[in-house]
Amino acid sequence: FLKITEVNTQARTKNKITLALSSVEEFRDFLNMFAEFYNNLGPTPAITTRDGKLKSEFMKKDDKRYFLDLKENSRGRFLRVSQVVRYTRQHVAFPAILLIELRNAINEVIEEFGGDDGGGCTELPPPIERV
């Protein structure tokens with residue numbers, strides 16, 4: 001699993017979402033799409049809906065649903081990712097300017113561990129010898 005955590009040091013809270021490794025590549029592709037869209041936006045505020053959404057996408061994997069929303073408010077543009085499992089919703093948000101950094105970090109995870117739930121490992125580690 002890949003865990004993405006947002007830490008608010010002032011409120012002393014943590015928000016987190018988790019992705020199975022089999023869904024990380026699809027999530028990275030959505031980040032690419034959002035980064036390209038963000039780069040094509042001008043510096044002036046865009047025409048948005050009442051809730052500030054600029055672009056939205058949806059992703060489903062097993063019993064989890066993910067909502068990706070690029071939004072804009074008075075403090076700037078940001079990506080909010082919500083994860084819904086059964087009746088529980090968790091979300092993280094980060095500045096849109098960090099989309100490329102997040103995508104690059106996810107690429108490193110994919111390169112190191114693979115994009116499937118097997119973790120890219122073809123062999124099990126050697127057994128631990130007990131005395």
Side-chain angles (χ1 to χ4, degrees):
F1 286 93
L2 174 69
K3 184 187 330 183
I4 301 173
T5 305
E6 170 194 29
V7 179
N8 183 336
T9 56
Q10 293 175 347
R12 295 183 180 163
T13 60
K14 287 184 182 180
N15 296 324
K16 65 182 174 191
I17 62 168
T18 57
L19 293 148
L21 284 177
S22 60
S23 60
V24 170
E25 289 181 357
E26 183 179 359
F27 183 74
R28 185 232 11 233
D29 295 341
F30 277 116
L31 288 178
N32 280 333
M33 190 183 339
F34 276 89
E36 185 176 314
F37 180 83
Y38 173 73
N39 287 335
N40 291 330
L41 290 174
T44 59
I47 298 172
T48 62
T49 60
R50 200 171 79 188
D51 61 355
K53 284 185 186 175
L54 299 170
K55 181 173 180 60
S56 293
E57 292 292 338
F58 171 79
M59 175 177 142
K60 184 173 182 179
K61 181 67 176 175
D62 300 324
D63 64 337
K64 296 180 181 180
R65 292 174 291 154
Y66 300 91
F67 299 89
L68 294 88
D69 299 310
L70 183 63
K71 294 184 170 189
E72 184 173 56
N73 63 19
S74 61
R75 294 181 292 175
R77 295 175 178 153
F78 60 96
L79 181 68
R80 180 176 183 182
V81 181
S82 300
Q83 172 188 343
V84 178
V85 181
R86 295 183 190 94
Y87 301 107
T88 305
R89 179 182 288 261
Q90 297 178 320
H91 67 272
V92 295
F94 49 90
I97 199 161
L98 298 178
L99 282 167
I100 300 297
E101 283 186 50
L102 179 61
R103 190 235 17 232
N104 292 343
I106 289 174
N107 276 336
E108 290 177 19
V109 169
I110 292 170
E111 287 174 13
E112 185 170 345
F113 298 104
D116 59 4
D117 288 330
C121 298
T122 56
E123 296 180 20
L124 294 174
I128 299 172
E129 292 186 30
R130 296 185 182 177
V131 182

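A single hydrophobic cluster is seen to contain both Leu98 and Met33, as judged by linkage of ILVMFWY side chains at heavy-atom distances under 4.5 Å, directly or through other members. Under the 4.5 Å side-chain heavy-atom criterion for Ile, Leu, Val, Met, Phe, Trp and Tyr, Leu41 and Ile97 are members of the same hydrophobic cluster.
Using a 4.5 Å heavy-atom threshold, the side chains of Arg28 and Val109 count as separate. The side-chain heavy atoms of Met59 and Phe27, taken from C-beta on, include a pair separated by under 4.5 Å. Ile100 has its side chain within reach of Arg103: a pair of non-hydrogen atoms, C-beta onward, lies under 4.5 Å apart. The closest side-chain heavy-atom distance from Leu99 to Asn39 is not below 4.5 Å. Inter-residue side-chain proximity for Leu79 and Tyr38 is flagged as unmet; no heavy-atom pair is nearer than 4.5 Å.
Taken to the nearest 0.5 Å, the CG atom of Asn107 stands 9.5 Å off from the CG atom of Leu31. Taken to the nearest 0.5 Å, the NZ atom of Lys61 stands 10.5 Å off from the CG atom of Leu21. A distance of 12.0 Å separates CD1 in Ile106 from CD in Glu101, rounded to the nearest 0.5 Å. Thr13 OG1 to Asn8 CG: the interatomic distance, rounded to the nearest 0.5 Å, is 4.5 Å.
Under the rule for a salt bridge (Lys or Arg N to Asp or Glu O under 4.0 Å), Lys60 has no partner lying at least two apart in sequence or in another chain. For the salt bridge (Lys or Arg N to Asp or Glu O under 4.0 Å) test, residues two or more places apart in sequence or in another chain that qualify with Glu57 are Lys55.
Between Ala93 and Phe78 the shortest heavy-atom distance is CB-CD1, 4.2 Å. The minimum heavy-atom distance between Tyr66 and Thr18, with the atom names listed, is OH-O, 2.6 Å. Shown here for Arg65 and Arg86, the closest heavy-atom pair between the two residues is NH2-O, 4.0 Å. What you find for Leu54 and Glu72 is that their closest heavy atoms are CD1-CB, 4.0 Å. Between Phe34 and Asp69, the shortest heavy-atom distance links the atoms CE2-C, 4.4 Å. Smallest separation of non-hydrogen atoms from His91 and Asn15: O-CB, 2.9 Å.
Between the side chain of Gln83 and the backbone N or O of Lys64, no donor-acceptor pair lies under 3.5 Å.
Clustering of Ile, Leu, Val, Met, Phe, Trp and Tyr by side-chain heavy atoms under 4.5 Å joins Val84 with Phe58, Phe67.
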